[in-house]
Structure formats: structure tokens, C-alpha cells
Amino acid sequence: MKLAIMQPYFFPYIGYFQLIKSVDKFIFYDDVNFIKNGWINRNRILINGKPSYFTVTLNGASPFMLIKDVKFTDNRTKLLKILENTYRKAPYFYETIECLKPVFDIETTFINELAIESVKAVSRYLDIKTLFKRSSEIYEDTKGMEKTARLKEICHRNNASEYHNPIGGTELYFKDNFAEAGIDLKFIKTNDIIYKQFKNDFVSNLSIIDLMMFNSKEQIKEFLDKYELI
């Protein structure tokens, strides 16, 4: 069993989906503290050739709240209109917008549910078969454990022999620590992914939305495999 555990992000960049595809089960870590100015309620798209934030407005969020308890003020209609105006002339606009619309229609006021649905919708579009679960639904009793100890405990409960983490985690988690628990810790590093964005100079690491607007489903599937496990 290969496992990954990450906070739910709102239409994250392709590296997030590479992480999902690299494992058998992906757990949305939604019962940890909310990260202010992170990617839980926002990402970046290209507006007039410049990277610009695309943000769901939150309602009283703070780092003292768990992600699953944070609510948002519904500005989804405005966000969808921004996407339509920005990408209407993109080559894969219609396919992409049909994939995105159901996310903007789900009945919820909680940011974790909205972010999770954004990830699931894109995963369905790309035929990613990874199993999704939420930490808040299954691992409530592990809250309060030291951070690394909790991840290892969740790995054990899933009989996971491998735990995959984004490359940024090299400063937080150590292979020897996981190896002592019988878990092979691997870090995923996204290779260079470049594609045409209208006539603009290329801007990397934008929301998956941007990549979907300019690339066919088949091309995106090829991009999903452009990574290294370290």
C-alpha cells in the first residue's frame, strides 16, 4: 500500500495530482489547523498574462481553527465568471469549464468540502483511480499526537509500506525516522512542465485549471507522469 496525506487544496497545481496518482490511497488531512495565506482556499491563474490569485472568501478563518471547521462566504458565481472571461478563448475551455461547474454548485459552506470536491472533480476528469478518504472521518482518535508520529500511525493503520510526500517535506520529515517504523518515505519532485499559454511568456506552477485550459486530457495524463520519487 502506497499512501499520501495532504491538506485539501483548492484546484491545486499539477504536482498535487502527481502525488495523488503516485499512491493507492490519498487522505485529505482536514482535521489539522488551518494555514493562513496557504492554498486551502486559493490558487493562481493567468489574468492578462500575469499570475493572479483566485480566492474563495473565508468567513472568520484563523490558524486556531481546524480546516474542517472553516466556512466560506459564497463568491463562487463571481469566481466562475472570472474563469469564463479569462479563458474563453483557450483551446480546451469548454471541456474544462464543464468539469469545473459542478464544483461551484455543490451545497456546502465549508472550505474543506469545496477544496476536496475540486480535487476529486479534476481526478475524475483525468481518470485517476486513487482512493480518497478524510482524516476527520477516520482518524479522529489520533489528533493530539506529535506530527510525525501521527502520520506513521495512519500509515500503520493502512498497512502502508510507502509514504509519499511533496519535495518540500524534506525539511520536515526524515527517511530514517520512517524506516524505523517499517515505512519507506519517498519525496515527489515535479519535473519541468511547459506549455503554451496564449502568446504570453510561460508562467509555471499555476492552478491545474490553467493547465487544463491549454492542454488536452491526453497531454495532461502525460504530464502527470513527469516526476521523480526521491
Side-chain angles (χ1 to χ4, degrees), residues 2-45 51-56 61 63 65-68 70 111-112 115-116 118-119 122-123 126 128 130 132-135 139 142 145-155 158 160-181 183-195 202-211 220 223-230:
K2 299 175 183 178
L3 186 71
I5 306 169
M6 278 288 292
Q7 294 92 342
Y9 289 172
F10 184 61
F11 289 114
Y13 85 125
I14 190 170
Y16 193 104
F17 292 95
Q18 290 176 326
L19 178 65
I20 292 171
K21 189 171 183 287
S22 76
V23 296
D24 303 301
K25 183 184 289 186
F26 185 93
I27 297 172
F28 293 107
Y29 215 23
D30 64 347
D31 59 352
V32 293
N33 286 62
F34 176 79
I35 302 170
K36 192 175 181 181
N37 297 324
W39 303 107
I40 295 166
N41 67 306
R42 66 177 186 170
N43 218 286
R44 299 185 310 155
I45 58 173
S52 304
Y53 283 108
F54 176 76
T55 305
V56 178
M65 299 176 68
L66 300 182
I67 296 170
K68 71 180 184 68
V70 175
I111 192 60
N112 70 320
I116 287 171
S118 79
V119 171
V122 173
S123 296
L126 297 175
I128 296 174
T130 303
F132 292 109
K133 296 291 182 180
R134 300 187 195 185
S135 60
Y139 308 107
T142 63
M145 296 178 68
E146 186 273 330
K147 180 166 55 177
T148 301
R150 188 183 188 201
L151 294 177
K152 291 191 291 185
E153 175 63 19
I154 294 174
C155 284
N158 285 276
S161 57
E162 289 187 21
Y163 174 62
H164 294 186
N165 197 264
I167 192 67
T170 53
E171 298 180 0
L172 299 173
Y173 307 116
F174 303 98
K175 286 178 175 285
D176 290 348
N177 193 322
F178 279 77
E180 291 172 358
I183 303 164
D184 187 7
L185 171 61
K186 294 181 181 294
F187 296 100
I188 189 166
K189 180 182 179 183
T190 301
N191 295 336
D192 290 338
I193 293 174
I194 300 174
Y195 53 92
F202 180 70
V203 179
S204 63
N205 296 327
L206 298 179
S207 165
I208 192 71
I209 293 173
D210 186 84
L211 191 145
I220 299 171
F223 287 154
L224 284 174
D225 293 326
K226 294 187 68 173
Y227 65 84
E228 299 173 53
L229 282 176
I230 300 172

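Across all their heavy atoms, Asn43 and Pro12 have their closest contact at ND2-CA, 3.4 Å. Across every non-hydrogen atom of Lys2 and Ser22, the tightest pair is CD-O, 3.7 Å. Shortest non-hydrogen contact noted between Ser135 and Ile27 is N-CG2, 3.6 Å. Considering all non-hydrogen atoms of both residues, Phe187 and Pro166 come closest at CD2-O, 3.4 Å. Closest approach of Phe34 and Ile40 over heavy atoms only: CD1-CD1, 3.9 Å.
You'll find the side chain of Arg44 reaches within 4.5 Å of the side chain of Tyr53, heavy atoms only. Using a 4.5 Å cut-off on side-chain heavy atoms (C-beta onward), Phe10 and Asn41 make no contact. When side chains are defined from C-beta on, Tyr139 counts as touching Arg150, because their heavy atoms get closer than 4.5 Å. Taking 4.5 Å as the limit, every side-chain heavy atom of Leu151 sits out of range of all side-chain heavy atoms of Met145. At least one side-chain heavy atom of Phe28 sits less than 4.5 Å from a side-chain heavy atom of Val119.
Under the rule for a side chain to side chain contact (heavy atoms under 4.5 Å, CB included), the partners of Asn33 that lie at least two apart in sequence or sit in another chain are Leu66. Asp210 meets the side-chain hydrogen bond (donor to acceptor under 3.5 Å, both in side chains) test with Tyr87, Tyr195, Gln197; sequence neighbours excluded. Contacts of Arg134 classified as salt bridge (Lys or Arg N to Asp or Glu O under 4.0 Å), with partners at least two apart in sequence or in another chain: Glu137. With sequence neighbours left out, the side-chain hydrogen bond (donor to acceptor under 3.5 Å, both in side chains) criterion links Lys25 to Asn158. Under the ring-ring contact (aromatic ring centres under 6.0 Å, His included) criterion, Tyr16 pairs with Tyr9, Phe26, sequence neighbours left out. With sequence neighbours left out, the salt bridge (Lys or Arg N to Asp or Glu O under 4.0 Å) criterion links Asp24 to no other residue. Every residue was checked against the ring-ring contact (aromatic ring centres under 6.0 Å, His included) condition with Phe174, not counting sequence neighbours, and none meets it. Scanning for side-chain hydrogen bond (donor to acceptor under 3.5 Å, both in side chains) contacts around Ser52 gives an empty result, with sequence neighbours left out. Every residue meeting the side-chain hydrogen bond (donor to acceptor under 3.5 Å, both in side chains) condition with Glu162, not counting sequence neighbours, appears here in chain and number order: His164. Residues passing the side chain to side chain contact (heavy atoms under 4.5 Å, CB included) test with Met65, sequence neighbours excluded: Ser62, Asp69, Val70.
Checked by atom type and distance alone, the side chain of Thr130 pairs as donor or acceptor with a backbone atom of Ile20 at under 3.5 Å.
Of the inter-residue distances, the one linking Gln18 atom CD with Thr190 atom OG1 reads 4.0 Å to the nearest 0.5 angstrom. Atom OH of Tyr13 is separated from atom OG of Ser207 by 12.5 Å, given to the nearest 0.5 angstrom. The line from CZ of Phe132 to OG of Ser123 is 3.5 Å long, rounded to the nearest 0.5 Å. Of the inter-residue distances, the one linking Ile67 atom CD1 with Ile116 atom CD1 reads 9.0 Å to the nearest 0.5 angstrom. To the nearest 0.5 angstrom, Ser118 atom OG is 8.0 Å from Ile209 atom CD1.
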Can you give each donor-acceptor pair under 3.5 Å made by side-chain atoms of residues 223-230, sequence neighbours left out, with the distance rounded to 0.1 Å?
| residue | atom | partner | partner atom | Å |
| --- | --- | --- | --- | --- |
| Asp225 | OD1 | Lys21 | NZ | 2.9 |
| Lys226 | NZ | Asp192 | O | 3.2 |

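Results of the side chain to side chain contact (heavy atoms under 4.5 Å, CB included) test with Leu211 over Ile14, Asn205, Leu206 single out Ile14 as the only residue that passes.
Listed by first then second residue, pairs satisfying side-chain hydrogen bond (donor to acceptor under 3.5 Å, both in side chains) with a partner in residues 165-178 read Lys152-Asn177, Tyr163-Asn165, not counting sequence neighbours.
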